[in-house]
2 protein chains.
Amino acid sequence: MSTAARREREKEKRRNDIIDVAERLFFSRGYDNVTMEDIARETELARGTLYLYFKNKDDIYIAIAIRGLKILNGLFREGYMKGNTGIEKIKLMLLAVYDFYRKYPGYYTTIGNMQSRGFNKEDYPEMEEVESIHGDSFRMVLDAFNMGIKKGTVRSDVDPAKAAFILTASMQSVLNTSPADELVEYAVDMMLRSIEDTK
Amino acid sequence: MSTAARREREKEKRRNDIIDVAERLFFSRGYDNVTMEDIARETELARGTLYLYFKNKDDIYIAIAIRGLKILNGLFREGYMKGNTGIEKIKLMLLAVYDFYRKYPGYYTTIGNMQSRGFNKEDYPEMEEVESIHGDSFRMVLDAFNMGIKKGTVRSDVDPAKAAFILTASMQSVLNTSPADELVEYAVDMMLRSIEDTK
DNA sequence: TCATTAAATGACAATTCGTCATTAATATAA
DNA sequence: TTATATTAATGACGAATTGTCATTTAATGA
């Protein structure tokens, strides 16, 4: 009776195996220097088979980015939980991005590339999930701002949504420049300084 | 006697014509949706001829980005000149980026794409020029910081190099999100607030 | 006028993509 | 167990596109 269920599991497993192989290859050689043939060879499948699991090469790339986004989102959540005050939560979440960047550089660049490619939901329905995860992360930053303002650790004249948006975008771009630790710390301090309530 | 010189001019002219056509196509359809054949057709040249003027498709793309960088650099210079104090120069240069983004969205995204592709100087010698223009722009921001610190419009505990770097990177990434005017203004204010001397 | 140099051409091989008719494997029913 | 139906996998194929190079065309100047 559970045949169908097992089939489903196996399919999921195979899908994941493909992503495993693909991400290893993409991370080491870059998107353009990996062919579907390469992925097929390493997974010991025929090229055509890959297309039973993914629409095309981009589709695999998005799947990898989603894995990364989930990890990043988890780190965000940790930061959010650990921080006691609003401003502290914000700081820890900014540092979480840095942590992610260092621990998972492959995922980091994959996410960046995916964003700049601008896939649309019509062609790639998984982009819904991307948006959803992103929204979840953003909501945490927003919450931290609101809490900070209410409790007086964040300046009351700060617009939570705008500031949350700007801070996360800025953090991202600083990391895109492959900066030294020192610069990142400095950037975090600068950002916090611009929102901190110092009265 | 000036035959060689004229030849040189004509060659330069043709090169520019190719860039003209290519940028029109790239801007309207995006890099991946433009073929060398398309560019050849519109320039009324054979495909092979394009390769006499450019190493390959990426090479054309870089040439377009360089055009954009020169324009942006000019806007930077304007802002630098117009501003009376250090902080004012900084503000005007940040707004110059925004101005560039609005007036030349095609160049803006081309530059962004080029950066994320990470071309190296060995394969693409023109990347030297890219670096040089970039360095020139950066130097102006840096100068403005130094002046601001000396004259007291910028906080004295700000590290000019780091802050200059972070500010420009942040501005760029905010724009990458296709923001509303309102958000950009807010971002500029936030950034300035973090470096302003308010004593 | 004619030989030399420079510019342009387009046919070619190579790469890689995504499809699809066919084959193989697995599950279900008799 | 055997036959049938369903699901999964295959790889040959056509299409698109890239960059090259031997050949042709045009321009120069002796």
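Quick caveat, the model's predicted, so the values are computed rather than measured.
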> What distance do Ser116(A) atom OG and Gln115(B) atom CD have between them, rounded to the nearest 0.5 Å?
Replying inline: 11.5 Å
>> Whether Lys55(B) contacts dG19(D) is assessed here as follows: a side-chain N or O lying under 4.0 Å from the phosphate OP1 or OP2. Is that the case?
In response: no
>> What is the separation between atom OH on Tyr51(B) and atom C1' on dG19(D), rounded to the nearest whole Å?
In response: 5 Å
>> Taking the nucleotide of DNA chain C with the nearest heavy atom to each, does Arg47(B) or Glu44(B) sit closer to the 5' end?
In response: Glu44(B)
>> Taking only side-chain N and O atoms of Arg14(B), does any of them lie within less than 4.0 angstrom of OP1 or OP2 on dA8(C)?
In response: yes
>> Measure CZ/Arg29(A) against P/dT16(C) and give the value in whole Å, please.
In response: 10 Å
>> Please tell me if Tyr53(B) has a side-chain N or O lying less than 4.0 Å from either OP1 or OP2 of dA7(C).
In response: no
> Whole Å only: how far is the CZ atom of Arg7(A) from the P atom of dT6(D)?
Replying inline: 12 Å
> Does dT4(C) pair with anything, Watson-Crick or G-U wobble, both distances under 3.5 Å, and if so, with which nucleotide?
Replying inline: dA27(D)
>> Please tell me whether Tyr124(B) and Asn56(B) have a donor and an acceptor in their side chains that are separated by less than 3.5 angstrom.
In response: yes
>> Rounded to whole Å, how long is the line connecting atom CG of Asp17(A) with atom P of dA8(D)?
In response: 16 Å
> Are Asp32(A) and Lys57(A) close enough for a salt bridge, meaning some N to O gap below 4.0 Å?
Replying inline: no
>> Rounding to an integer number of Å, can you tell me how far Phe54(A) CZ sits from dT19(C) C1'?
In response: 18 Å
>> Let's see if you can work this out: which of dG19(D), dT18(D), dT16(C) has an atom nearest to the side-chain heavy atoms of Thr35(B)?
In response: dT18(D)
> For the pair made of CG in Leu45(A) and C1' in dA25(C), what is the distance, rounded to whole Å?
Replying inline: 14 Å
>> Take a 6.0 Å sphere around CD of Glu182(B) and say whether it holds more than 12 heavy atoms from other residues, nucleotides or ligands.
In response: no
>> Among dT18(D), dA9(D), dG10(C), which nucleotide has an atom closest to any side-chain atom of Leu52(A)?
In response: dA9(D)
> Within this structure, what is the CD-to-C1' distance between Glu12(B) and dA7(C), rounded to whole angstrom?
Replying inline: 16 Å
>> Taking 4.0 Å as the cut-off, does a side-chain nitrogen or oxygen of Thr49(A) come that near to OP1 or OP2 on dT10(D)?
In response: yes
> Starting at CG of Asp58(A) and ending at C1' of dC17(C), how long is that distance when rounded to a whole Å?
Replying inline: 11 Å
>> If you assign each of Arg6(B) and Lys57(B) to its closest nucleotide in DNA chain D, which residue comes earlier from the 5' end?
In response: Lys57(B)
> Can we say Arg14(A) and Asp17(A) salt-bridge, meaning some charged N sits less than 4.0 Å from an Asp/Glu carboxylate O?
Replying inline: no
